[in-house]
Protein chains: 2
Amino acid sequence: MKEPRFDCAVDAAMSVIEGRWKTVIMCQLAHRREPMRYNQLMSGIPGISPRIFTLQLKEMEKDGLIIRDVRSESPKHVEYSLSPRGLSLLPILVSLAEWGLKNMFPNRVRFEANATMPERSDLERAGLC
Amino acid sequence: MKEPRFDCAVDAAMSVIEGRWKTVIMCQLAHRREPMRYNQLMSGIPGISPRIFTLQLKEMEKDGLIIRDVRSESPKHVEYSLSPRGLSLLPILVSLAEWGLKNMFPNRVRFEANATMPERSDLERAGLC
DNA sequence: CCGTATCCCAGCAGATACTG
DNA sequence: CAGTATCTGCTGGGATACGG
């Protein structure tokens with residue numbers, strides 16, 4: 001993602017949370033509930049390489065989802081934490097996780113097929129395109 | 001995306017809604033509130049090319065978000081609609097859109113900075129990693 | 001009308017080694 | 001400790017033309 005997309009509100013939000021590891025990083029920070037250091041955070045995410053990890057962090061910082069706090073140089077000590085904006089995204093990630101549990105792991109939770117179409121007024125108030 | 005990711009529930013959900021145009025397509029279908037035909041749907045999405053459009057539709061169908069219904073051959077008539085599963089995702093897209101409005105268009109709505117950390121029990125019940 | 005076929009490319013992502 | 005540097009590959013996305 002170079003620049004966030006602004007065509008519609010959902011798309012704008014998606015452009016900020018898309019990225020192979022961003023939601024995972026947010027989950028880690030949410031789970032630990034306190035600022036985390038670079039290696040501490042990375043070691044909780046198996047399979048990520050330092051380059052990609054740094055890139056994702058940089059984008060998330062630029063988009064205001066996380067805060068990077070340099071506590072000391074040599075020995076360098078940096079702490080990452082969720083910003084208020086990132087925090088405000090957590091309830092949505094929780095909803096997504098619940099949806100994922102129901103729909104992607106059908107063996108664990110039975111799929112609820114009784115969803116109904118939301119009112120159009122709700123859609124429009126939310127700027128859903 | 002080749003195969004959905006299953007490491008954690010959020011990631012699993014994200015792997016299904018990621019894709020340059022998927023949320024936009026869902027928005028269109030949600031807004032119109034009735035089955036839409038290929039060209040009708042595509043013409044509501046400026047900038048998309050037929051190849052990509054078809055690819056996104058195929059993936060969404062495979063992931064059970066939409067239903068593809070062939071009503072007749074020659075003249076070919078196909079209708080796309082949201083499945084129950086796709087429908088069940090709409091409330092989350094609405095939340096995302098609201099978040100996007102607040103955070104990506106700060107001129108239109110003032111940013112609310114009073115979010116608080118959800119309880120860890122909520123996170124874990126949702127399978128948030 | 002509803003797509004494929006073909007070609008192309010930028011950018012994301014990964015592995016590994018290295019440094020202030 | 002917290003990152004860069006470098007190289008490399010893949011694949012998602014795009015333009016355009018054509019086909020059943």
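Quick note on labels: first sequence line is chain A, next is B, and so on, each numbered from 1. Keep in mind the model is a prediction, meaning the values are calculated, not measured.
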Short side-chain N/O contact from A:K58 to OP1 or OP2 of C:dC12, under 4.0 Å
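Checking A:K58 against C:dC12: no side-chain N or O falls below 4.0 Å of OP1 or OP2.
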Any B:Y80 side-chain nitrogen or oxygen under 4.0 Å from OP1 or OP2 of C:dC1
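No, B:Y80 has no side-chain N/O under 4.0 Å of OP1/OP2 on C:dC1.
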Which heavy atom of B:A12 sits nearest a heavy atom of A:M104, and at what distance?
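Closest heavy-atom pair between B:A12 and A:M104: O-CE, 3.6 Å.
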Which heavy atom of B:A97 sits nearest a heavy atom of A:A9, and at what distance?
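Closest heavy-atom pair between B:A97 and A:A9: O-CB, 3.4 Å.
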Categorize B:R71 for me: base, sugar-phosphate, or nothing, with a 4.0 angstrom heavy-atom threshold over every strand shown.
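Nothing, no heavy atom under 4.0 Å.
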Just checking A:E79: base, sugar-phosphate only, or nothing, at a heavy-atom cut-off of under 4.0 Å?
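Touches nothing.
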In whole Å, I'd like the distance from the [atom1] atom of [X] to the [atom2] atom of [N].
| X | N | atom1 | atom2 | value |
| --- | --- | --- | --- | --- |
| A:M42 | C:dA13 | CE | P | 16 Å |
| B:D69 | C:dC2 | CG | P | 12 Å |
| A:E73 | D:dG3 | CD | C1' | 11 Å |
| B:I25 | C:dG3 | CD1 | C1' | 14 Å |
| B:L55 | C:dT4 | CG | P | 9 Å |
| A:K22 | C:dA13 | NZ | C1' | 13 Å |
| A:D11 | D:dG13 | CG | P | 11 Å |
| B:F53 | C:dC2 | CZ | P | 10 Å |

Scoring nucleotides 14-20 of chain C by protein non-hydrogen atoms under 4.0 Å (B base, S sugar-phosphate only, - none) yields BBB----
Starting at [atom1] of [X], measure out to [atom2] of [Y] and round the result to the nearest 0.5 Å.
| X | Y | atom1 | atom2 | value |
| --- | --- | --- | --- | --- |
| A:M60 | A:L29 | CE | CG | 7.0 Å |
| A:T54 | A:E61 | OG1 | CD | 11.5 Å |
| B:I17 | B:E59 | CD1 | CD | 13.0 Å |
| B:L57 | B:R68 | CG | CZ | 9.0 Å |
| B:S81 | B:L65 | OG | CG | 12.0 Å |
| B:L55 | B:I48 | CG | CD1 | 9.5 Å |

What about B:I52 and B:L41, same hydrophobic cluster or not, with Ile/Leu/Val/Met/Phe/Trp/Tyr joined at side-chain heavy-atom distances under 4.5 Å?
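Yes; tracing contacts between hydrophobic side chains, which count when under 4.5 Å, links both residues.
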Short of 4.0 Å, heavy atom to strand atom, which residues of residues 33-41 of chain A count as contacting DNA chain D?
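Contacts with DNA chain D under 4.0 Å: A:R37, A:Y38, A:N39.
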